Amino acid sequence: MSESKENVLDPIVSLCKRRGFIFQSSEVYGGFAGFWDYGPMGCELKNNIKSAWWQSTVRLREDVAGLDASIIMHPAIWKASGHLDTFADPMCMCKSCKKLVRADQTWDIFAESAIMEALRPLITDGRADAGKTANWCKGRAKSIAPNLFAVANAETRLPVIFDKIPVCDSAQTLYTLLALPEGAEHVLPCPYCGGEMTEPRPFNMMFKTIVGPVEDQANAAYLRPETAQAIFAQFQNILATSRQQVPFGVAQIGKSFRNEITPRNYTFRSREFEQMELEFFIKPDEAVELIHGNVITLADNPDLAEPQPAWGWEVWHKYWVEQRKNWLIHTVGLPEKSFVEYWQTADELAHYARACVDIQYAFPFGVQELEGIAARSDFDLTQHQTHSGKTMEVFDEALKLACKPMTPEARDAFTQKVEADWTRRGKDPALARQFAATLFEGKYIPHVIEPSAGVDRLALALLCNAYVEETVTDEKGNSEIRTVLRLSPKIAPIKIAVFPLVKNKPELYAKARDVFKKLQRRWNCFWDESGAIGRRYRRQDEVGTPFCVTVDFQTLDDNTVTLRDRDSMQQERISLDALIAKLDDTLL
RNA sequence: GCGAGCGUAACUCAGUUGGUAGAGUGCCACCUUGCCAAGGUGGUUGUCGAGGGUUCGAGUCCCUUCGCUCGCUCCA
C-alpha cells in the first residue's frame, strides 16, 4: 500500500501539464514550492467551479449577499481572530532523533509528568484513584503548558503559573518539579528519545509584509490566512446596505495564504490558495425561543428543504451540510460515494465551535478534507466587538415585540434557564444574565454557520475523479487506451468543440465557421481543423470537452450536424436549433 | 526544518568506464482524408533543473542551491 502510494498522481499531473491545466509556478526559474499556476484549461475549470458556487450560493438565493475584501487587512483583525497567536507556533527539533515538536507540547508532556509526580503521595496514601488522577493531570497539563512555555523566557511571570498549579508554592518547587537545574537553559529534552532539543524557533503560518515606505516591524501586516475574517469585520456595513436581516449570509471567494511547513500532494496543500466561504448568520437559539416559543432541533426530525423561522443552530448547521453535499453531487458532479461526511468529535472541535463537519474526498494519496461546515457560535463577531470596541449586535424587531409583554417573573425564569444552560455548557453564567437582558431589548450578536471550501482542492478532486483510462476496441478488434476526463459538463473548461469534417472544401469550411461563431457567443468553444476527425475527438476527450460538433456535407443541405458525446462516444444527427436547445438544457 | 531517492525535448523515457545529446509520442505546415488517435511529405524542440569545481574535455565525478517524490513533522 505504501509502495503503491508513490506516484499515484503522476498520470494526472502529467495530463494537467501536457494539456495546460496546471503548471508549476515560476518553472523557468526552477519552480517555487507550494505555488501553482493554472493554464488555459485550468483557469477555465477554476472559473467554472467558482461561478457555479457563486450562482448557487448567492444568485439563486435571496438571503445571501456577496463581498470581495482586501487580502491585506489591519493587523488587529488577526489579533482578534486569534491567528496571530495560534499561527505562530514555536517549534523545537530533537538534535538526535530529528523529531519536530511544538515547543508548548514539550512543556505539555513535562507538565503532565511533573504534576503527576507531585500528586503521587496522594495515590500512595490511597486518598486518590490512580487512573482518575492521571486523567486530571493530562487536563491540567494542557491548560498550563502554554503558560509554562511563556514563562521559560520570563521568570517574572512565575507566580501566575503557580496560581494554576496548586501543588507548587515557589520557583524552587517548580524547578524541582520539572527536574530542571536552576538557571539552566529552559529548553527541555526530547519527549520521545530524551535527546537535546534545539531552541524554539517561531513557525509563523502567516505571510508577513511591510505596509508603507518604512521597513519597520511596527508597520508589519499579514496576507490573510482565510477569507472569513473580512466578512466578520464588515458585518455591520453589509447588514446596513444589503437590506438583509438575520438569518442571512455573506459569501466571498478569494485568495488566502499560509506559509505551510510542508506543501505536499501536488496542489492539495499550497501556500497560496483560493477559498469559497459563506458566513451564514443566524439568531441565537435563545432569541428563537423568545420569538417562537420553541426551538426546532434535529430531534424534531425537520424537513430540511426550506429554512424555517424556528430552526435552532443545530438544524441550520445540518441544513448547510445537506446544501453543500447536494451542490457537490449535482452541480460539480462529485459522486456521493467518493466522499465522506465526517463529524468532528467533541475533543477535536475548536473551543468555540459547537459542531464541525468535514467533507472528505478519497484522493489517490488518502482521504483528505475538501470542505468544512462549522457552527462557530458567536465567537468571531464577539471577538471583533471586544477588540474593536464597535458593536456587532443586531436589533431584531420581532424579538423586541416578543419580549415586550413579558412579565418580570417570566424574564427572571428565562434568565435562570439561560444561566443553567450556560453553566452546563461550561460558559460563564455571569455573562448569561447580561446576554438575557440584551435579548429583552431585542438585541443579540448573531451566531454563524460557516461552510468553507477550497477551490484548488475541489479542482484537484474533480480532476482525480474525472480521470479515466479506458480500453477501446474498434470493429477490427484493435484495442487502445483512451484517456478521458469525465468532468461534469457544467465545469468542463471547453463545452463544445467544432470541427469541419474536411478542411479543403471551402463551402463546408465556411459553414463550419458559421456554426462555431454562433455557438461561441453562448459557450466556451474550441475550433479544430487539423488531423483526422477521430484524432480531434480524442484530443477533446483529454481535456474533458463533453460535446463535439462536426459539420459535414449534409449540413449544407439541411442545417443538421453530428453531435458526439464524450462519455458514450455515440453520435446523433441534430438540427442546429435543437442542438442549442439541448445544450442550454445541459449547461445552464 | 531533518533524512532518503530523483531532476535529460511539451509528455514518457534511452544515454555504455567522463569524448560537445537520442527514440517514441506530441506539436506545426502542406497534401490526403465522408466520423473515433495508426496515410504521405517536410519541419519544430533542449544552456541535460541552476551555480560553482575537478578535467584537455562533464548529461556522466565533487560541492552548493532550487524543485519534485517518499518518510518524520505539521496541518482552522
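Chain A is the first sequence line, chain B the second, and so forth, proteins listed ahead of strands; every chain is numbered from 1. The shown structure was predicted, so the numbers you read here are calculated from the model rather than taken from an experiment.
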Checklist entry - Between A:Glu274 and A:Lys50, does at least one N-O distance fall below 4.0 Å, as a salt bridge requires? => result yes
Checklist entry - Taking the nucleotide of RNA chain B with the closest heavy atom to each, which residue, A:Ala33 or A:Glu369, is nearer the 5' end? => result A:Ala33
Next on the checklist: Both A:Tyr537 and A:Phe35 contact RNA chain B. Which one's nearest nucleotide lies toward the 5' end?
Outcome noted: A:Tyr537
Rounding to the closest angstrom, what is the interatomic distance between [N] and [M] at atom [atom1]?
N: B:G7; M: B:C63; atom1: P; result: 16 Å
N: B:G40; M: B:U25; atom1: P; result: 11 Å
N: B:C66; M: B:C30; atom1: P; result: 47 Å
N: B:U32; M: B:U20; atom1: P; result: 44 Å
N: B:C6; M: B:A38; atom1: P; result: 38 Å
N: B:U8; M: B:C2; atom1: C1'; result: 29 Å
N: B:G46; M: B:A21; atom1: P; result: 12 Å
N: B:U60; M: B:G43; atom1: C1'; result: 31 Å

Item to check | With A:Thr483, the side chain to side chain contact (heavy atoms under 4.5 Å, CB included) member among A:Val468, A:Leu15, A:Asp541 | outcome: A:Leu15
Hunt down the Watson-Crick or G-U wobble partner of [N], both distances under 3.5 Å, from any strand shown, or write none.
N: B:U45; value: none
N: B:G18; value: none
N: B:U55; value: none

Taking any heavy-atom pair under 4.0 Å as a contact, classify [X]: base, sugar-phosphate, or nothing.
X: A:Phe499; result: nothing
X: A:Arg535; result: sugar-phosphate
X: A:Lys503; result: base
X: A:Arg539; result: sugar-phosphate
X: A:Glu27; result: nothing
X: A:Tyr266; result: sugar-phosphate
X: A:Ser14; result: sugar-phosphate

Item to check | Partner residues of A:Phe273 under the ring pair (Phe, Tyr, Trp, His ring centres under 6.0 Å) criterion, sequence neighbours left out | outcome: none
Modelled atom types, side-chain donor and acceptor of [X] and [Y], under 3.5 Å:
X: A:Ser575; Y: A:Asp577; answer: no
X: A:Arg354; Y: A:Ser377; answer: no
X: A:Ser256; Y: A:Gln275; answer: yes

Checklist entry - Does OP1 or OP2 of B:C11 have a side-chain N or O of A:Lys17 closer than 4.0 Å? => result yes
Item to check | Phosphate OP1/OP2 of B:U32: any A:Asn504 side-chain N/O under 4.0 Å | outcome: yes
Checklist entry - With no angle test and no hydrogens, is the base of B:C36 tied to the side chain of A:Arg564 by a donor-acceptor pair under 3.5 Å? => result yes
Item to check | Residue-level proximity of residues 542-554 of chain A to RNA chain B when a heavy atom falls under 4.0 Å | outcome: A:Glu542, A:Thr550, A:Asp552, A:Phe553
Next on the checklist: I want to verify a distance call: between B:C35, B:G34, B:A38, whose nearest atom is closest to the A:Ile533 side chain?
Outcome noted: B:C35
Ring centroid separation [X] to [Y] under 6.0 Å:
X: A:Tyr266; Y: A:Phe365; value: no
X: A:Phe235; Y: A:Phe232; value: no
X: A:Phe516; Y: A:Trp523; value: no

